J.: 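Supplied in structure tokens, the structure appears directly below.
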Amino acid sequence: MLSHLLHLEGIESIVLESHTRKYIEERIRAGVLEQGTVDLMVNAGVGERLKREGLEHRGIGLRFSGRACRIDFQELIGRTITVYAQQEVIKDLVAARLAAGGQILFEAEAASLAGLDSPEPRIRYRHSGAEAEISCDFIAGCDGFHGVARAAVPKGALTLYERVYPFAWLGILAAAPPSSEEVTYSNHDRGFALSSMRSHELSRLYLQCDPDEDITNWSDVRVWEELHLRLAAQGARELTEGPVLQKGITPMRSFMIEPMQCGNLFLAGDSAHIVPPTGAKGLNLAAADVRVLALGLTEFYRTGRRDLLSKYSAICLRHAWKVQRFSWWMTSMLHQFPDDSGFDRKRQLAELDYLMSSRAAQQSLAENYVGLDVSLNL
Ligand SMILES: Cc1cc2nc3c(=O)[nH]c(=O)nc-3n(C[C@H](O)[C@H](O)[C@H](O)COP(=O)(O)OP(=O)(O)OC[C@H]3O[C@@H](n4cnc5c(N)ncnc54)[C@H](O)[C@@H]3O)c2cc1C
């Protein structure tokens with residue numbers, strides 16, 4: 001996305017991707033796009049298929065204490081979300097870059113970064129069995145949580161903030177039409193569950209499990225049984241089962257670093273922050289970061305000024321902490337905590353009860369879920 005946004009401003013970039021094109025275009029991850037992410041894709045000319053195939057959702061479902069409730073975003077705040085799988089976003093962006101003659105080096109793994117404080121930072125990388133180096137004006141560290149960019153920042157220059165949650169998500173992708181019209185969250189005595197979708201034919205469902213759960217203990221039959229139990233509610237439609245195409249366990253953590261820049265290196269997305277997936281924010285946060293970075297780099301190449309670039313970290317962190325707060329809040333409200341004496345369980349149910357009885361509380365959830373605007377003014 002960053003490379004595409006820069007291209008639209010006539011700024012050259014090279015993308016290094018350690019995996020193959022096929023791998024990144026098939027990797028199943030996020031699927032909920034905030035309105036701001038949809039607008040970014042559409043305004044950047046890569047939203048054609050998204051507009052055609054994306055499923056616009058006007059709200060989400062919530063289940064607790066046997067009740068099936070709904071939060072109506074459209075009615076509450078006049079904005080919506082769109083379900084469009086992350087790998088489809090990737091396909092559209094890769095196609096747009098290659099069609100415009102953009103340089104994406106697949107199977108090119110960045111090994112080290114140097115000269116971050118110099119006007120010409122360098123990246124050493126391996127490609128086609130050989131080592132090579134790129135000298136550039138700026139490096140964007142968009143290489144995820146396990147990449148090399150964050151590690152290149154000198155020790156002591158970063159402050160880390162982290163919370164690891166005492167549970168994980170067991171997720172399946174199933175060849176079954178979605179069981180609910182909208183993404184549906186459930187707080188159940190047996191643990192959290194989520195019914196979501198990637199298309200009219202593909203369901204994505206999740207169950208709270210132990211972080212060290214052995215996935216071989218979860219046969220498809222057991223997963224479906226548990227999903228039926230946790231998503232049951234009065235008046236709710238029965239779950240539609242189908243062949244399980246993929247099964248995996250995702251740990252849950254909140255992670256932030258400050259600052260998100262060091263000299264001419266700018267970190268964006270998962271390399272700088274991880275949010276628990278309950279708020280469906282990881283991809284959207286990455287898109288918000290690179291939008292700010294693209295504006296800063298555009299200002300620099302047009303005017304030579306670094307006003308926006310110098311504020312990149314502060315602008316993105318201000319937004320990311322609000323997203324982190326919301327993701328933490330959704331996570332805390334919907335999961336069972338193993339060390340709970342019973343107090344938290346009662347508090348959660350009171351919170352959900354309050355939420356469903358207060359328009360103000362629903363509006364707050366809606367505006368955070370649909371996505372807060374990033375303010376460029378500090
Ligand atoms: C299993 C799973 C499920 C998820 N579900 C959701 C969800 O439902 N909703 C949601 O919002 N978010 C979800 N996320 C999070 C979301 O996918 C991420 O937040 C998002 O992909 C972040 O984008 P990014 O560009 O920062 O990092 P990534 O998408 O991880 O991209 C980084 C890229 O850098 C490449 N790379 C890494 N190291 C190097 C290197 N040394 N050299 C070259 N290339 C390198 C990687 O191959 C990768 O393609 C999920 C994540 C996972 C793992």
Side-chain angles (χ1 to χ4, degrees), residues 1-4 14-34 36-37 60 81-91 93-94 104-113 123-127 131-132 134 139-152 168-173 183 185 194-198 203-206 215 246-255 257 260 266-291 293 316 320 323-324 326-327 330-331 369 371:
M1 174 60 93
L2 177 61
S3 180
H4 178 69
I14 301 175
V15 178
L16 300 178
E17 169 54 60
S18 54
H19 285 102
T20 61
R21 178 176 181 183
K22 180 171 170 9
Y23 178 87
I24 64 163
E25 291 189 344
E26 289 178 358
R27 188 169 42 182
I28 310 266
R29 298 202 283 175
V32 174
L33 305 189
E34 293 177 352
T37 307
I60 53 166
I81 52 167
T82 299
V83 171
Y84 189 67
Q86 181 165 348
Q87 72 272 20
E88 304 306 323
V89 173
I90 298 286
K91 281 180 202 159
L93 289 168
V94 167
I104 307 180
L105 303 184
F106 293 103
E107 296 179 84
E109 184 171 13
S112 62
L113 276 51
I123 307 181
R124 287 201 73 73
Y125 67 100
R126 283 181 287 272
H127 189 225
E131 285 223 352
I134 300 173
I139 299 175
C142 304
D143 51 351
F145 185 68
H146 301 288
V148 294
R150 190 179 66 248
W169 277 12
L170 191 160
I172 60 163
L173 185 74
V183 176
Y185 294 82
L194 171 62
S195 163
S196 173
M197 62 293 289
R198 290 294 177 266
S203 293
R204 185 86 165 126
L205 298 123
Y206 298 94
I215 199 147
Q246 208 191 64
K247 203 189 288 175
I249 291 183
T250 311
M252 304 272 284
R253 65 147 63 88
S254 295
F255 174 84
I257 53 147
M260 286 169 60
F266 295 85
L267 300 172
D270 280 11
S271 73
H273 37 62
I274 297 283
V275 288
T278 327
K281 293 294 177 206
L283 176 156
N284 295 294
L285 204 44
D289 288 347
V290 297
R291 194 182 137 254
L293 187 50
C316 292
V323 173
Q324 193 68 263
F326 176 69
S327 302
M330 287 280 284
T331 303
Y369 201 98

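For ligands, and for the atoms within them, numbers begin at 1 and follow the listed sequence. The structure displayed is predicted, hence computed values, not measured ones.
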J.: State the atoms of ligand 1, each with its element, that fall below the 4.0 Å cut-off from a heavy-atom position in Ala286.
T.: 23 (O), 26 (O)
J.: For the CD1 atom of Ile123 and the CD1 atom of Ile14, what is their distance to the nearest 0.5 Å?
T.: 8.5 Å
J.: Quick one: nearest non-hydrogen protein atom to atom 26 (O) of ligand 1, plus distance?
T.: Asp270 N, 2.8 Å
J.: Can you tell me which residue and heavy atom of the protein come closest to atom 38 (N) of ligand 1, and the distance to 0.1 Å?
T.: Asp143 O, 3.6 Å
J.: Of all the atoms in ligand 1, which lie at a distance below 4.0 Å from a heavy atom belonging to Gly144?
T.: 27 (O), 32 (C)
J.: Rounded to the nearest 0.5 Å, what's the gap from NE2 on His127 to CD1 on Ile134? Could you check?
T.: 10.0 Å
J.: Roughly how far apart are Leu283 CG and Leu33 CG, rounded to 0.5 Å?
T.: 6.0 Å
J.: Quick one: nearest non-hydrogen protein atom to atom 9 (N) of ligand 1, plus distance?
T.: Ala30 CB, 3.2 Å
J.: In terms of atom number and element, which parts of ligand 1 are under 4.0 angstrom from non-hydrogen atoms of Lys281?
T.: 11 (O)
J.: What heavy-atom pair brings Gln87 and Ile24 nearest, and what distance separates the two atoms?
T.: CB-O, 4.3 Å
J.: Select one of side chain, backbone, both or neither to describe which atoms of Cys142 lie under 4.0 Å from any atom of ligand 1, heavy atoms only.
T.: backbone
J.: Which atoms of ligand 1 sit under 4.0 Å from any heavy atom of Thr250?
T.: 1 (C)
J.: Where on Arg27 is there a heavy atom closer than 4.0 Å to ligand 1, on the side chain, on the backbone, on both, or on neither?
T.: side chain
J.: Relative to the ring of His19, is the ring of Tyr23 parallel (under 30°), tilted (30 to 60°) or perpendicular (over 60°)?
T.: parallel
J.: What is the minimum heavy-atom distance between Val275 and Gly282, and which atoms define it?
T.: CG2-N, 3.7 Å
J.: At the 4.0 Å heavy-atom cut-off, does Val32 count as touching ligand 1?
T.: no
J.: Heavy-atom pairs closer than 4.0 Å: do any link ligand 1 to the side chain of Ala108, the backbone, both, or neither?
T.: backbone
J.: Working to the nearest 0.5 Å, report the span between CD1 of Ile60 and OG of Ser196.
T.: 11.0 Å
J.: For atom 15 (C) of ligand 1, which protein heavy atom lies nearest, and how many Å away is it?
T.: Gly282 CA, 4.4 Å
J.: Among all protein heavy atoms, pick out the one at the shortest distance from atom 36 (N) of ligand 1; state its residue, atom name and that distance to 0.1 Å.
T.: Ser18 OG, 3.6 Å
J.: Rounded to the nearest 0.5 Å, how far apart are CZ of Arg291 and CE of Met1?
T.: 10.5 Å
J.: Could you label the plane-to-plane angle of the Phe255 and Phe145 rings as parallel, tilted or perpendicular, counting under 30° as parallel and over 60° as perpendicular?
T.: perpendicular
J.: Which residue owns the protein heavy atom closest to atom 52 (C) of ligand 1, what's the atom, and how far is it?
T.: Arg29 CD, 3.5 Å
J.: Short list, please: which atoms of ligand 1 are under 4.0 Å from a heavy atom of Gln86?
T.: 16 (C), 17 (O), 20 (C), 21 (O), 29 (O)
J.: Which heavy-atom pair separates Tyr206 from Gly171 by the least distance, and what is that distance?
T.: CD2-CA, 3.5 Å
J.: Just by modelled atom types, is the Ser271 backbone N or O under 3.5 Å from a matching donor or acceptor in the Arg150 side chain?
T.: yes
J.: Within the 4.0 Å heavy-atom shell around Gly147, which atoms of ligand 1 are there?
T.: 38 (N)
J.: Taking all heavy atoms of Ala149 and all of Gly141, pick out the closest pair and write down the distance.
T.: CB-CA, 3.5 Å
J.: Nearest protein heavy-atom contact for atom 41 (N) of ligand 1: which residue, which atom, what distance?
T.: Ala110 O, 3.1 Å
J.: For ligand 1, which atoms, with element, lie under 4.0 Å from some heavy atom of Gly269?
T.: 26 (O)
J.: Which residue supplies the protein heavy atom nearest to atom 46 (C) of ligand 1, what is that atom called, and how far is it?
T.: Glu17 OE2, 3.5 Å
